[in-house]
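Accompanying notes for the structure given below.
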Amino acid sequence: MNPTLKSTHTKIQEWYKTKGRTDLPWRSTSDPYHIYLSEVMLQQTQVKTVLERYYFPFLEAFPTMHSLGSAALDDVLKQWEGLGYYNRAKNLHKTAGLIEEIPDSIDRLMALPGIGKNTAHAIAAFAFGQPVPVMEANVKRILCRLHRLRTPDEKRLWKIAYSMVDKENPFDYNQAMMDIGATLCLPKDPKCNRCPLENICKGKNNPEYYPLKKKKTVPVREENIVIYLDDDRLSLQQRSGKFLHGLWGFESVEIPPCAAEYIGEVSHAYTHFKLKCRVYLYFESSPEQEYYFTPEKIGKLAISKVDEKIVNLYLDTIVK
DNA sequence: TAGTCGTGGGG
DNA sequence: TCCCCAAGACT
């Protein structure tokens with residue numbers, strides 16, 4: 001092996017022992033289900049959020065693949081409430097109903113819904129000790145800087161990742177790479193002087209050039225929300241489209257009924273658009289609306305953050 | 001391949 | 001207040 005690579009592996013391993021986040025609970029288990037769950041929860045989601053609010057409660061509710069697979073989807077979504085990207089919960093539930101054991105090959109892992117190339121590699125490395133690299137956001141940024149790549153090409157990045165992985169200890173290597181990315185090789189103000197990869201990093205003099213950041217303008221979407229009232233109960237429906245699928249929410253209409261009373265506006269920022277909701281109260285039930293719940297009962301349903309804001313606006317309104 | 005899919009942390 | 005962005009997958 002390239003002596004430089006060998007030396008780099010040693011530096012990474014030594015760094016990991018003292019500076020790595022070795023206490024994360026999904027790093028001290030060998031249960032593939034636990035590791036699988038953590039990998040899915042961590043997709044596009046910060047470690048802190050998963051660690052402090054979701055990982056343990058979810059495992060308490062669904063301790064095994066079997067218990068997850070035989071649960072009601074609504075209960076799984078309720079556990080997932082607030083974590084976002086709800087298709088992840090649907091896919092977990094679906095998978096748990098289909099298989100009894102997590103497969104150990106990358107191909108079979110990628111065949112499961114909700115598992116792409118990176119998650120398959122992560123499970124292979126972390127649950128089954130296979131000598132393969134992971135290549136998520138942190139590692140991607142590191143590799144771009146190491147090789148001064150402004151516009152990362154997935155194929156090239158995977159090739160680099162494979163050429164660099166420590167096959168002697170892929171578990172610690174991959175965890176270390178993610179930790180280096182998350183704690184040192186930061187998007188802004190990276191801590192190069194503390195980085196075990198500094199001596200081989202071609203981009204260390206101007207790390208913020210790599211990778212190139214592309215900014216997008218987010219459109220504003222405006223909606224009229226109507227809450228139909230049946231005494232103290234509010235109309236809700238279970239969402240059926242791709243967006244927030246399976247969660248309960250209020251109805252969006254083109255034109256609010258004339259008799260509806262405007263009670264205020266609620267805003268919410270998504271990744272690719274901003275939503276502004278003008279909220280109306282209609283003091284009668286509607287034949288179009290099948291389901292009505294008291295605010296207390298709504299608390300037991302899985303609802304999204306916008307709809308939670310709308311409930312709060314309603315509660316503020318009726319108090320005044 | 002560029003858009004779509006959530007939410008919260010942190011600057 | 002606004003912005004970037006986080007253990008990405010899917011179409």
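A, B, ... follow the sequence lines: proteins, then strands. Residue 1 opens every chain.
Along DNA chain C, the nucleotide nearest A:Pro187 and the nucleotide nearest A:Thr119 are compared for position; the residue whose nucleotide lies closer to the 5' end is A:Pro187. Of the two residues near DNA chain C, A:Leu112 and A:Val47, the one whose nearest nucleotide lies more 5' is A:Val47.
Listed by residue number, the members of residues 121-142 of chain A with any heavy atom below 4.0 angstrom from DNA chain C are A:Glu136, A:Ala137, A:Asn138, A:Arg141.
Here the two rings, on A:His268 and A:Tyr270, have centers that are under 6.0 Å apart. Checked against the 6.0 Å centroid threshold, A:Tyr291 and A:Trp248 count as a close aromatic pair.
Atom CD in A:Glu39 sits about 14 Å away from atom C1' in C:dA6, given to the nearest Å. Rounded to an integer number of Å, the gap from A:Trp158 CH2 to C:dA7 C1' is 11 Å. For the pair A:Leu109 CG and C:dG8 P, the interatomic distance rounds to 17 Å; values are reported in whole Å. Computed from coordinates, the A:Lys214 NZ to C:dC5 P distance equals 10 Å when rounded to whole Å. Atom OH of A:Tyr55 and atom P of C:dA7 are 17 Å apart (whole Å). One atom, CD of A:Glu154, and another, C1' of C:dA9, lie 12 Å apart when rounded to the nearest Å. Between A:Gln175 atom CD and C:dA7 atom C1' the separation is 9 Å, expressed in whole Å.
The aromatic rings of A:Trp158 and A:His121 sit tilted, their planes meeting at an angle between 30° and 60°.
Counting only N and O atoms by type, the side chains of A:Glu198 and A:Asn193 include no donor and acceptor under 3.5 Å apart. No side-chain donor-acceptor contact under 3.5 Å links A:Glu39 and A:Thr119.
Contacts of A:Phe171 classified as ring pair (Phe, Tyr, Trp, His ring centres under 6.0 Å), with partners at least two apart in sequence or in another chain: A:Phe126.
A cation-pi contact, defined as under 6.0 Å to the ring centre and within 45° of the axis, is absent between A:Arg148 and A:Tyr209.
The heavy-atom pair separating A:Gly246 from A:Gln238 by the smallest distance is O-NE2, 2.9 Å.
Nucleotides C:dT11 and B:dG6 place their P atoms 14 Å apart, quoted to the nearest Å. Using atom P as the reference point in both C:dC4 and B:dG3, the two lie 15 Å apart (nearest Å). Distance noted for atom C1' between C:dA7 and B:dA2: 23 Å (whole Å). Comparing the P positions of B:dC5 and C:dC2 gives a spacing of 23 Å, expressed to the nearest Å.
Using a 4.0 Å heavy-atom criterion, one finds that A:Trp80 contacts no nucleic acid atom at all.
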Practice task
Report, as a single string ordered 5' to 3', how protein heavy atoms within less than 4.0 Å touch nucleotides 1-11 of chain B: B base, S sugar-phosphate only, - not at all.
Solution key: ---SBBBBS--
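With C:dC5, C:dA7, C:dC3 as the candidates, the nucleotide lying closest to the side chain of A:Met178 is C:dA7.
Proximity of a side-chain donor or acceptor of A:Trp80 to a complementary backbone N or O of A:Gly84 within less than 3.5 Å is detected.
The ring pair (Phe, Tyr, Trp, His ring centres under 6.0 Å) test with A:Phe243 is passed by exactly one of A:Tyr86, A:Tyr85, A:Phe273: A:Phe273.
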